[in-house]
Amino acid sequence: MKILVTGGAGFIGSHTVVELYQSGFEPIIIDNFSNSEEKVLEGIQSIIGKSVVCYKADCNDAEALRQIFQKEQLAGVIHFAASKAVGESVEKPLMYYENNLGSTVLLLKIMREFGVKNFVFSSSCTVYGQPDSLPVTEATPRQEAASPYGNTKRICEDIIRDVVVSKAGLKAIALRYFNPIGAHESAVIGELPRGVPSNLVPFLTQAAVGLREKLTVFGSDYNTPDGTCIRDFIHVVDLAKAHVKALSLLAGVDTEDYYDVFNVGTGEGVTVLQLIQTFEKVNNLTLNYTIGPRRPGDIEQIYAQVDKSEKVMGWKAEKTLEDSLRDAWRWQQRLSK
Ligand code: WQD
């Protein structure tokens, strides 16, 4: 079964392409390489032992998309391609709404034209904002997004749901990611942040390898055990496997119309300091970090309840925080060679 993977050369996309192939699917990548590098395709090839079909195109380019749908007999689509920098989205909201909403609407339109019914959407725990109670379940009310980026995820979920409700013959799942970290154990694919990383783990590994002078922990005065924020850090390979499970679930659904959402996290909340200490322990090194002021827009704590993903999708995270941080370090060391 051919599956179109938009943004398939990205961090989560590339790991999902590997898992799709290793589960018997035939992944077809579309990527405009605006936030990824073509060398990722070589990394994927070295893992799966064959080259993967990749179209260098933008998901807002209707003609390019129609040509791909015309040529490839697709059984489904996994939609990763999106702008995803929270801070940038505040500065450039129109770019975010045009890219993230526009590509989703166009993909759904063209899927309908070609009778492609299975759609997995890359959503985010950002839709929960700062939840009133923890852990968050899929029934936890979504809150006003703290950024245009988070708002695009929330709006896209509603667009997809409304298309399903319209009896368009769409079967769709939105996966709400928590904090993806780590890299493939082979260390030939991983996170490739552009410029100064805004996310914790890539900045941390760059500090550990000497690319950054030190890591700043944004705030230690939160109402948490050690004062630093709590997040649900999930290994990117576990996250990738959740997409395979989602596709398999959709393939088995015999109703014409289906929509559901799933939390994809570990179910464990970890503080920033706990992550740092775990990184130092598993990699036997001392990290140069300092405590700084809070980062505007950060929520204090969020982590997932993942019972539904296990019961309905048959998926559960298998890798530990130690695995993620060991793999993240191995990847950084290879990058820095
Ligand atoms: C995690 C924690 C920071 C950097 C974002 C997106 C979310 C998802 C994952 C896409 C926070 C602290 C960070 C640093 C630090 N992306 N931190 N020093 O903000 O939880 O989530 O990425 O779906 O949608 O919002 O991730 O890694 O930026 O921050 O102390 O140099 O690490 O304050 O508490 P975040 P993050």
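The chain is numbered in sequence order, starting from 1. We count ligands from 1, going down the list as the structure has it; atoms in each ligand are counted the same way.
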| Partners of K245 by side chain to side chain contact (heavy atoms under 4.5 Å, CB included), sequence neighbours excluded? | M313, W315
| said: For E157, is there an ion pair with R176 - N to carboxylate O distance below 4.0 angstrom? | reply: yes
Between ligand 1 and the protein, which N/O pairs are shorter than 3.5 Å?
| unit_1 | atom_1 | unit_2 | atom_2 | d |
| --- | --- | --- | --- | --- |
| ligand 1 | 18 (N) | T216 | O | 2.8 |
| ligand 1 | 19 (O) | R295 | NH2 | 3.0 |
| ligand 1 | 20 (O) | N179 | ND2 | 3.0 |
| ligand 1 | 20 (O) | R231 | NE | 2.7 |
| ligand 1 | 22 (O) | N199 | ND2 | 3.1 |
| ligand 1 | 23 (O) | Y149 | OH | 2.7 |
| ligand 1 | 24 (O) | S124 | OG | 3.2 |
| ligand 1 | 24 (O) | T126 | OG1 | 2.7 |
| ligand 1 | 26 (O) | N179 | ND2 | 3.1 |
| ligand 1 | 27 (O) | N199 | ND2 | 3.4 |
| ligand 1 | 27 (O) | L200 | N | 2.8 |
| ligand 1 | 28 (O) | S198 | O | 3.3 |
| ligand 1 | 28 (O) | N199 | ND2 | 3.0 |
| ligand 1 | 28 (O) | R295 | NH1 | 3.4 |
| ligand 1 | 28 (O) | R295 | NH2 | 2.9 |
| ligand 1 | 29 (O) | R295 | NH2 | 3.3 |
| ligand 1 | 30 (O) | F218 | N | 2.9 |
| ligand 1 | 33 (O) | D298 | OD2 | 2.6 |

| message | Check for me whether the distance between the ring centres of Y177 and H243 falls short of 6.0 Å. | response |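 Yes, the ring centres sit under 6.0 Å apart.
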| Cation-pi, Y128 ring and R142 (6.0 angstrom, 45 degrees) | no
| Is NZ or CZ of K308 both nearer than 6.0 Å to the six-membered ring centre of F262 and within 45° of the ring axis? |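 Because its charged atom sits under 6.0 Å from the ring centre and within 45° of the axis, K308 does stack over F262.
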| query | Should V5 and V77 be regarded as members of a common hydrophobic cluster, given that ILVMFWY residues are connected when their side-chain heavy atoms come within less than 4.5 Å of each other, either directly or indirectly? | reply | no
